[in-house]
Amino acid sequence: MNADPTVVDAPDGYPEGWQFDTVLKDGKTVRIRPIVANDGDGLQQLVRGMSNQSAYHRFFRVKHELSESELEYFTVLDYADRMAFVAIAAGELIGVGRYDRQREGTVAEVAFAVAEGHQGRGVASQLIQHLTNYARTQGIDQFSAYVLADNHSMMRVFRNAGFQMERSFEAGVYTVKFPTEESAERWEIETQRERRAVAASMMPIFYPHSVAVIGASRNPASIGGRLFRNLLKGEFTGPVFPINPKASVVRSVKAYKSVLDVPDSIDLAFISVPAEFVVGVAKECAEKGVKGLVVITAGFGETGAAGRVLEQELLDIVRSSGMRMVGPNCMGILNTDPVVSIDGQFGPISPPRGNVAMSSQSGALGIAILDYAKRLNIGISSFVSVGNKADVSGNDLLLFWEDDPSTDVILLYLESFGNPHRFSRLARRIARKKPIVVVKSGRSAAGARAASSHTGSLASSDTAVDALFRQAGVIRLDTLESMFDVTSLLANQPLPKGRRVGVLTNAGGPAILAVDALEAQGLDVVEFSDSLKESIQNILSPDASVTNPVDMIASAGPSQYAACLSLMLDSAEIDAVFVIFIPASSDGVVDTAQAIRNTADAYQGDKTILAVYMSSDGAPDELSGGTNKIPTYPFPEPAALALSKAVGYAEWREKDHGHVVEFDGVDRERARAIVDSGIARLMDTDGLWLEPAEVDGILDAYGISLPVSRVVTTADDAVSVWSQVGGPVVLKVVAPSALHKSDIGGVALDLDSESAVRDAYEAVTSVVADAEGVLVQEFVAGGHEVLIGMTDDPNFGPLIVFGLGGVFVELIGDVSFRIHPITSVDARDMIQEVKSARLLEGYRGGDPGDIPAVRDTLLRVSALVEDLPEIVEMDLNPVKVRLPGSGVSVVDARMRIRSVGDRWVPNRRDIPSEI
Ligand code: ADP
Ligand code: MG
């Protein structure tokens, strides 16, 4: 979170985490933060500027000047019973929203005021949102507001924010009451608002009316010079102003010394001047009213501490003036839409127009990517080199591309996730509409993370990461090459309707390779029906093989390709056709390519067609050129990979993803109180493991089944618990050092006599030096053992894991993962995916287990994680699964909590409006 330049000497209790830079309806940014005494002047200005009517819309009983004591009253708050957020834009205080707790304690009165010239921009909605979220953390569950009868805009703000309002009317004043609790409706409204606002904020970058190039050099080899040349060469549809203090003309265009000298308005400025001048230049842009910056210059956050400070300074200018910024340290942007036709990057290559949007974190790779795209004839809709992502992030771009009509496929080259929760949430939504293809470098980084629970260490395995991308609907690839292989299929062909593939070839060897590759990717090279075989036989020579693959042998020419391809395309037995062509001799090559192309062009259906054209010269244009392209690969393997990724994605899109289950009868307050008391004991940022009784309390609050258990400190008490249980018990040592109790002999099972309990008490307490007591627990005989866990992942946020207990988890890693929150369908699939979970079905005469109860427990764990963001790690290991109908019992559980700071984490999702 960046420091707010206007906050000096933040007072005690100032909730630091509650500063937000968000985007308003018109796409301009605004900062929302808690009020401080220093805001007095701004507040006075706000009040002075108000018309009678709005001033008295109940914020400050009718006044146009606040006295010293009133100013103090409004700005010096305890941030608990009295709280206010201000909205700051371009250094000006443009809105304030406050609440005052009522005597009752859980009810507060709220009021808002927005500066005259800034109404209708959504400032009040933002203030309400943050105020509501904050109030919830302070135990306030209801707001009441007084709204004058004629204050229609305020009523509209409340209504549009999605609150469940109660209204009453008396003496010209409405009393509006609403709960501060999150609701699905509010969430949906916030999501929509975010989407529109962020997309709008990106418009000056993608669709500027006029641009300036600051640092447009006359030297054609310089970066500024190259970028300026590309803009001219790309025939940007608006004016381009070169800014250069040392030249009056650059490439025949009149130059200016500063943006401030340019007579026209400027939407977008590219900055390519030495790092030490960037901040000054950005200030001038802010003054000029420029709406977007693309900062090419390097030497910021990527260089170390001093660079980070400079980057922060730059960002503060950008945010406080309502601009958006790409970079710094980037290679520029490009939008091929003919409406703008802006080529604002300094690389040598400008790719053709098409339906693929791309962003690259690495500048140098960006150049390579554009080059590759051009060579493979992959058309680009827009491209952004995001550089250090100080402001505009990959997530913002996803939001822009989500509704961008020019974009059908989104490619992201990522080195790091800025905000993993937000990425996985956005990706899951957007991938429903358009494929998102990601190459994420640094695969092993997650693996290096030390983890102190099973769940933590299992989650960082590579297979888990892959599974998680799949769950979010994201197509993840390891190499840029495969990224393009997959993209050319997705960008040019309909998504496969299923896994069945027909292979058509003029040579046997490559067909065998193709079948192997397809099957290895989980695709089905299906057996053809007799009637299909017969029809194919009728058009081929007797030597040809008419099974799948159809091998027409080397003599096959254009007419055989055309006829067989037609038959296969018209058949209902397959979903995709994989055409292999080996140019056996040079004659007929072009004709055959043309025949394949004509057949594909004439075809009206929805089968996916792809071609393998094995020739070092590459595929002829007849196949891969033009608009209606057939993706063409030099070898069968990349083609099979591309097809399988497309199939996997299509299946994901079709799939019923289920819904997040809400449970009745959950005692949230009890769980919250336990977590809060744990947080109060926190000594450091590493967090702490909760006590066994606390863990049980939380699980019990969420309706998760536990055996009877009690912590005792004497052998006598252990014996009395045993007699209360009335059956065999288990004793476990409770000690900070005993993380894995049975490994050190700290667990004694199945004890059913006084002497056994006494002996066990001695035994389990003697294995450690720091025994704090002994857990006496009902012994759960028989049953299967499963693991249910949770960990906070740097890429995805909270994950839920399931596996069978014992060796299955530890030795063979037979586990399944899902990004939190999980749905009913996820819970079912997670169990199904785990191979050893077949044991729960009563495999080979073994006892079956209560699978519905396991599903229920998974969903309850997910609900618990949703409500308690402080929990960062949890292992329920084992959960004993009894016979069908008899339920489960969690016999060992651990939870680690960590402070989430002052910052409210809304239901684990991310604050929707935050950039
Ligand atoms: P830890 O994981 O710290 O070693 P556990 O409490 O999981 O300790 O106990 C180890 C093993 O003992 C469990 O995996 C389970 O097989 C068995 N066990 C523990 N508690 C019970 C119980 N109440 N009923 C039956 N078996 C139990
Ligand atoms: Mg255990």
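In listed order, ligands and their atoms are each counted from 1. Everything quoted here is computed from the prediction, not taken from an experiment.
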* Does the protein place any heavy atom closer than 4.0 Å to atom 15 (C) of ligand 1? -> yes
* **Polar proximity ligand 1 side, Lys741 side, N/O cut 3.5 Å exclusive** => yes
* For atom 5 (P) of ligand 1, grab the closest protein heavy atom and report residue, atom and distance to one decimal in Å. => Asp892 OD2, 3.4 Å
* To do: Using 2.8 Å as a strict upper limit, say whether an N, O or S atom of Ser742 approaches the Mg ion (ligand 2) that closely.
  => no
* Asked: So between Leu749, Leu706, Val729, whose heavy atom ends up nearest atom 27 (C) of ligand 1?
  -> Leu749
* Before signing off on this row, confirm whether Phe779 and ligand 1 have an N or O atom pair separated by under 3.5 Å. => no
* Do the side-chain N and O atoms of Ser836 and Asp814 include a donor-acceptor pair separated by under 3.5 angstrom? -> yes
* To do: Say whether Ser720 and Ser723, considering side chains only, have a donor N or O and an acceptor N or O under 3.5 Å apart.
  => no
* Side chains of Tyr14 and Gln19: donor-acceptor distance under 3.5 Å anywhere? -> yes
* Inter-residue atom distance Arg499.CZ - Leu518.CG, 0.5 Å rounding -> 11.5 Å
* Scan side-chain atoms only and decide if Asp770 and Ser737 contain a donor-acceptor pair under the 3.5 Å cut-off. => yes
* Which ligand 1 atoms are under 4.0 Å away from a heavy-atom of Val891? -> 19 (C), 20 (N), 21 (C), 22 (C), 23 (N)
* **Distance filter under 4.0 Å to Gln777 heavy atoms, resulting ligand 1 atoms** => 20 (N), 21 (C), 22 (C), 23 (N)
* Could you tell me which atoms of ligand 1, counted from 1 in the order shown, lie closer than 4.0 angstrom to a heavy atom of Glu785? => 14 (O), 15 (C), 16 (O)
* Please say whether His740 places an N or O atom under 3.5 Å from an N or O atom belonging to ligand 1. => no
* To do: Could you grab the distance from atom CD of Gln777 to atom CG of Leu731, nearest 0.5 Å is fine?
  => 10.0 Å
* **Nearest heavy-atom neighbours spanning Val734 and Pro692** => CG1-CG, 4.0 Å
* Do you see a donor-acceptor pair shorter than 3.5 Å between the side chains of Thr823 and Asp826? -> yes
* Is the ring centre of Phe663 less than 6.0 Å from the ring centre of Tyr702? -> no
* Mind checking whether Lys732 contacts ligand 1 via backbone (N, CA, C, O), side chain (CB onward), both or neither, at a 4.0 Å heavy-atom cut-off? => side chain
* Answer with yes or no whether the side chains of Trp18 and Asn133 bring together a donor and an acceptor at under 3.5 Å. => no
* Asked: Are side-chain N/O atoms of Asp696 and Ser709 paired as donor and acceptor at under 3.5 Å?
  -> yes
* **Close-contact set for ligand 1 against Glu778 heavy atoms, below 4.0 Å** => 22 (C), 23 (N)
* Asked: What is the nearest protein non-hydrogen atom to atom 26 (N) of ligand 1, stated with its residue, atom name and distance?
  -> Lys880 CE, 3.4 Å
* Asked: Closest non-hydrogen protein atom to atom 25 (C) of ligand 1, residue and atom name please, with distance?
  -> Val780 O, 3.1 Å
* Asked: Taking the minimum heavy-atom distance to atom 4 (O) of ligand 1, which of Ser742, Ser709, Gly782 ranks first?
  -> Ser742
* Asked: Do Arg428's NZ or CZ and the ring of Trp652 fall within the cation-pi criteria of under 6.0 Å and 45°?
  -> no
* Asked: Strictly under 4.0 Å, does any heavy atom of Pro878 approach an atom of ligand 1?
  -> yes
* Structure fact -> Quick note on ligand 1: atoms under 4.0 Å from a heavy atom of Asn877 include exactly 7 (O)
* To do: Please state which part of Val730 comes within less than 4.0 Å of ligand 1, counting heavy atoms only: side chain, backbone, both or neither.
  => side chain
* To do: Look at Asp875 and state whether any of its N, O or S atoms is less than 2.8 Å from the Mg ion (ligand 2).
  => no
* To do: Quick one: the O of Asn877, the Mg ion (ligand 2), OD2 of Asp892 angle, rounded to 10°, please.
  => 90°
